[in-house]
Structure formats: structure tokens, C-alpha cells
Amino acid sequence: MARLADYFIVVGYDHEKPGSGAGLGKIIQRFPQKDWDDTPFPQGIELFCQPGGWQLSRERKQPTFFVVVLTDIDSDRHYCSCLTFYEAEINLQGTKKEETESEVEVSGLIQPAEVFAPKSLVLVSRLDYPEIFRACLGLIYTVYVDSLNVSLESLIANLCACLVPAAGGSQKLFSLGAGDRQLIQTPLHDSLPVTGTSVALLFQQLGMSFLYFSVFSKSF
């Protein structure tokens, strides 16, 4: 059995270390707090959450999801699934002088500028299940944004406690505890991924092509 998720990390914009250009990110929370003996915590994970740099935005951008594959010193792969969204924050200083001047009301009071800061939910795993990770992170994001009556701590605990067979071709049905149902199809062998695409016809055609080529070559 293998852990579905080795680490769950919340990475946000670091307001205490603003740079001259792009900003920096910092780890806000991580679960579990201590490193696993067999899987060290990935260093510099905040750098991989925002490939284009940590930048504030004047508008709320749509959430994005992508997967980064990290390779450790033992050549083991770690799949880092990242869901990034933007939260509204108040910028009391404003971003530009002309923007601040344009926000002066008739009363003469300067209104604070609203900006949006990126925040990333990261799931680190040695298993390659991108669609399952997308669904899990999407559920946690929905519960957080919509303030649903579901404990986020329970969702994350169930995610980190879930164990799945590394191989064997069996199916694993589990739930994070928010009325969801997640189904994992394990690969027959740990070295072969589950793609959801049948390749039997492809190999049959390749075999027929190879046989035809062999017969055709011998005829000459």
C-alpha cells in the first residue's frame, strides 16, 4: 500500500518580502508538519507553484491547475499537483500614484486599492493520478471559497490518510468526507501508468505491420 498524498501544502504571496519586480511566495501551512522518513519534504516548492513568478493582479483571475514532476537524488519521481486561485486583498498604499489619485472621491478621502494575490494548494505524491488530484484539490477549493459546512481539516486528514495499492489492477473507492466519491484504478504493474486508453489495437496493428514487412522483405 502507498500513500495517496505525501504532503498537502498551502502557499501564498509573501507581503513581507516584496521584490523590485516579481514577488515571492511562502509556505503558509503544510500537512503533516513533520517529514516522512521515506519521503522528504520537497524544498523550494513555493518556486514551482508560480512558474511565471509571484505577482499581484488588478483583477481576479480564473483558477488554474497543473502538475510539476520533481526528481529527487534517488531518481524517484514526485508529482506536485498545484491549484492556484486569487484572493482579494486591500492595498493601503496603492500600486501607482496615478491610480491612487483616480480613487479620490468627492469627499476628498482616498479609497484603498483592491488587489488580488495568488494562493496555491499543492498536493505532493509519488503516484501519478492527475485527474484524482485535480478533483481532490477542486473539492477543497470549493469548500474553502464557498464556506461550506464541511471541516477543511477533516478533508485534508482523510486525503493524507488514504492508502491505495501501488499496483495490481484493483480499484480503490474513497471519499474525502464532503459527499464525494473518488475512484482510483491502479495499474497492473507499478512501472506501467494507467492512461485510460486502450492500446490493444495499436499493438495488433504494429504486429501486423511488422509481419507484413518481414514477409515483404523475404520475398525479395
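Everything quoted here is computed from the prediction, not taken from an experiment.
Grouping the Ile, Leu, Val, Met, Phe, Trp and Tyr side chains by contacts below 4.5 angstrom, directly or via other members, places Leu47 apart from Ile28. Val145 and Ile156 end up in the same hydrophobic cluster when Ile, Leu, Val, Met, Phe, Trp and Tyr side chains are linked at under 4.5 Å. By the rule that hydrophobic residues join a cluster once side-chain heavy atoms approach within less than 4.5 Å of another member, Ile45 and Trp36 end up as members of one cluster. A continuous path of Ile, Leu, Val, Met, Phe, Trp and Tyr side chains, each step under 4.5 Å between heavy atoms, connects Phe8 with Leu152, placing both in one hydrophobic cluster.
Within the 3.5 Å criterion, the main-chain N or O of Leu148 finds no donor-acceptor partner in the side chain of Asp146. Within the 3.5 Å criterion, the main-chain N or O of Lys26 finds no donor-acceptor partner in the side chain of Trp54. A donor-acceptor distance shorter than 3.5 angstrom exists from the side chain of Ser175 to the backbone of Asp180, with no hydrogens or angles considered. Here the side chain of Gln33 pairs a donor or acceptor atom with the backbone of Arg30 at under 3.5 angstrom. At distances below 3.5 Å, at least one donor-acceptor pair connects side-chain atoms of Arg60 with backbone N or O atoms of Tyr86. For Thr84 (side chain) and Thr64 (main-chain N/O), no donor-acceptor pair under 3.5 Å exists by modelled atom type. Between the Ser125 side chain and the Leu127 main chain, a donor and an acceptor come within less than 3.5 Å of each other.
Here the shortest heavy-atom pairing between Lys119 and Tyr144 reads NZ-OH, 3.8 Å. Minimum interatomic distance between Thr186 and Pro165 (heavy atoms only, all atoms of both residues): CG2-O, 3.3 Å. Shortest non-hydrogen contact noted between Glu59 and Phe116 is C-CD1, 3.4 Å. In plain terms, the two heavy atoms of Pro51 and Phe66 that are nearest each other are CD-CZ, 3.9 Å. Shortest non-hydrogen contact noted between Val124 and Cys80 is CG2-SG, 4.0 Å. Looking at every heavy atom in both residues, Tyr7 comes nearest to Lys34 through CE2-O, 4.1 Å.
Ring to ring, Tyr141 and Phe85 are close: their centroids are under 6.0 angstrom apart.
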Derivation of the salt bridge (Lys or Arg N to Asp or Glu O under 4.0 Å) call for Arg126 and Asp6: CA-CA 7 Å; Arg126 290 168 294 174; Asp6 293 318; 3.3 Å; yes
